[in-house]
Amino acid sequence: MGAGEVLEGRLPEGNPARLRGWIHRKFVVGGKIFVRLRDSTGVLQCVIDRSRVGDEVYGAFEEAKRESSIVVEGTVHREPRAPGGWELRVTRGHVVWPSEDFPIRGKEGVEFLLDNRHLWLRSTRMRDILKIKHTVLGALREYYLERGWWEVTPPILTGSAVEGGATLFKVDYFGEPAYLSQSAQLYLEVLIYSLERVWAITPSFRAEKSRTRRHLSEYTHFEVEAAWMNMEDMMRVVEETVEHVVSRVLEDRRRELENLGRDTSALERVKRPFPRLTYTEAVERLRSKGVAMEWGEDFGADEEAALTRDFDRPFFVTLFPKQIKAFYMKEYEQDPRLVKGFDLLAPEGYGEIVGGSEREDSYEKLLARIREEGLDPKDYYWYLDLRRYGSVPHSGYGLGVERLVMWIAGLDHIRDATPFPRFRERLRP
RNA sequence: GCCGGGGUAGCUCAGCGGGUAGAGCGCCGGGCUGUUAACCCGGUGGUCGGAGGUUCGAGCCCUCCCCCCGGCGCCA
């Protein structure tokens, strides 16, 4: 039995109930104590009347401060004066453990709340976001599970850089340098030779000293890789995945979205097919809007924001210039200046949430690209081997779970999309 | 790393032509027969981010450093 169930009216008027939780708020007026009990399901008002519970119980609750853990028993009643229209009239109860003065009341600043993250996670706001993330993760798994893909477990500790670009966290591995993974992709490419279609959910790490509302040093990476799929095939997978996740959240977490003030009509519009434009078209579109940009440059924040304003649902940008993308992306057959990569950008200014590509499956071309990037082929011997022993056309993508949650929940900063955010100067709690 | 803003009571902030600090909330005490981030009365509370310097005198001016916030680059 939870507070939320009572508020949903699942118990008839007068029904007995026993609730366990924490004191969210408390008001003492006249001979009554109004305790707002919070548990994982909601916040319910409990009325403690001295004449019903006796002096001892009344005294205990009169003393109890916010966030004390409590057990109360009583009967549920419809009550227009109570928030949510229901309350518990307490007949018995006790304080399990008292709380000291709780430092958070609701007007604190960002730094204070981050220092007290372990306590702030009790807030209804963080609880709602945690539930949405749970549903997002569940929906991602659900989509692939139902279609016969395989979940795998790539390593987090790695012996060499994966993409070569982003900054890696270095750790000591029995006296040898090692790095925290920034992507499981290359390992997933190995595993498709065994399972053909795989996915993994792992933490990824980036040591960049980023200072934006869209970056974390540690984030949850959802990555997919499949043999026999080209770029278009993989884009369809992405499209279906995102549509499925959004509709699942709308179905199961509508109350949480509303609590957070999310405009759900923006999410209702997330239906296939998602618009597609090539990198070259995107550059032209930006120029026609007066944004100065050279063909061959990557999109900056301004460019990306300008693009997302044109769409009311997520959209793809495809076929990028080779020089701005990673070495493993497959060269475009019709124009060797381009690679078969794609990004999925979320609307409403949220920007990139997915990056994917068809992978280079030719041994010679991959080796040449590794050398062009100044990487050492020896570090990639096992990755290159995949192209020597029955190479296969294949594609994959990576999705930032926190970015997806941020957009779906309508958050203004990615730090709230994860319970214990890690970024520059923030390692505790 | 760069650009901009900021660090004053437990929290959110005000203070300024340099004259050694204020409010609200919290907390403590009292009051209130149903409260809704209650209300009323009284009380408590500060090495003004750190170190130097200018000055008769510095929260306020100068120098260096530390920390936080927003943005850029990078990306998921």
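Order of the sequence lines sets the chain letters (A, B, ...), proteins ahead of strands, with each chain counted from 1.
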Nearest of B/rC68, B/rA76, B/rU35 to any side-chain atom of A/E111? B/rC68
Regarding A/I353, tell me which of base, sugar-phosphate or nothing describes its non-hydrogen contacts under 4.0 Å with the strands shown. sugar-phosphate
Does A/F34 lie flat on the base of B/rU35, that is, centres under 5.5 Å apart and planes under 30° off? yes
Which part of the nucleic acid, if any, lies within contact of A/G106, taking any heavy atom under 4.0 Å across all strands shown: a base, the sugar-phosphate backbone alone, or nothing? nothing
I want to confirm an ordering. Mapping A/H413 and A/G400 to their closest nucleotides on RNA chain B, which one lands closer to the 5' end? A/H413
Where the side chain of A/K32 is defined as all heavy atoms beyond and including C-beta, which of B/rG34, B/rA37, B/rA76 is the nearest nucleotide? B/rG34
For the pair A/E240 and A/R236, find out whether any cationic side-chain nitrogen is under 4.0 Å from an anionic carboxylate oxygen. no
Stem segments of RNA chain B by first residue number [Watson-Crick or G-U, under 3.5 Å, at least 3]: B:1-7 with B:66-72, B:10-13 with B:22-25, B:27-31 with B:39-43, B:49-53 with B:61-65
Exactly one of A/R255, A/R253, A/R125 clears side-chain contact (heavy atoms from CB on, under 4.5 Å) with A/L260, and that residue is A/R125
A/E402 near the nucleic acid: base, sugar-phosphate alone, or nothing, with a heavy-atom cut-off under 4.0 Å? nothing
Base, sugar-phosphate or nothing for A/E304? Non-hydrogen atoms, less than 4.0 Å. base
Looking only at atom P, what distance separates B/rG15 and B/rC56, rounded to whole Å? 28 Å
With heavy atoms under 4.0 Å as the rule, sort A/L216 into base, sugar-phosphate or nothing. base
For A/R359 and A/S357, does a side-chain donor sit closer than 3.5 Å to a side-chain acceptor? yes
Whole angstrom is fine here: how far is it from CD1 in A/I414 over to P in B/rG70? 13 Å
Applying side chain to side chain contact (heavy atoms under 4.5 Å, CB included), run through A/F299 and A/D343 and close with a yes or a no. CA-CA 11 Å; A/F299 302 117; A/D343 286 348; 5.9 Å; no
Can you give me the N/O atom pairs linking the protein to nucleotides 3-11 of chain B at distances under 3.5 Å, or say none if there are none?
from: B/rG10; atom 1: N2; to: A/R105; atom 2: NH1; distance (Å): 3.3

Any side-chain donor paired with an acceptor under 3.5 Å for A/E189 and A/Y328? no
In whole angstrom, give me the gap between the P atoms of B/rG17 and B/rC11. 28 Å
Hey, does A/E223 reach any base, or is it just sugar-phosphate, or nothing, if we go heavy atoms under 4.0 Å? nothing
The side chain of A/D298 is closest to which nucleotide in this list: B/rA76, B/rC75, B/rC69? B/rC75
A/T308 side chain reached by A/Y350 side chain, heavy atoms, under 4.5 Å: no
Which one of A/L188, A/D233, A/N230, A/I192 satisfies the side-chain contact (heavy atoms from CB on, under 4.5 Å) criterion with A/H394? A/I192
Could you give the CD1-to-C1' distance, from A/I48 to B/rG34, as a whole number of Å? 14 Å
Between B/rC72, B/rA76, B/rU35, spot the one nearest the side chain of A/T212, thanks. B/rC72
5' precedence on RNA chain B between A/R214 and A/V110 (nearest-nucleotide basis): A/V110
Can a donor-acceptor pair be found, under 3.5 Å and without considering hydrogens, that links the side chain of A/E151 to the backbone of A/R141? no
What does A/V401 touch in the nucleic acid at a heavy-atom separation under 4.0 angstrom: a base, only the sugar-phosphate, or nothing? nothing
Out of B/rC74, B/rU35, B/rG34, whichever nucleotide has its closest atom nearest the side chain of A/H215: B/rC74
Donor-acceptor pair between A/T264 and A/E258 side chains, under 3.5 angstrom: no
A/A301 side-chain proximity, nearest of B/rG71, B/rC72, B/rU35: B/rC72
Quick check on B/rC72: is either OP1 or OP2 less than 4.0 Å from any side-chain nitrogen or oxygen of A/R213? no
Across the strands shown, which category fits A/R50 at heavy-atom distances under 4.0 angstrom: base, sugar-phosphate, nothing? nothing
Would you tell me whether A/R206 and A/Y219 have side-chain atoms, one donor and one acceptor, within less than 3.5 Å of each other? yes
Using modelled atom types and a 3.5 Å cut-off, is there a donor and acceptor pairing between side-chain atoms of A/T41 and backbone atoms of A/A3? yes
Given B/rC75, B/rC72, B/rC28, identify the nucleotide with an atom nearest to the side chain of A/K65. B/rC28
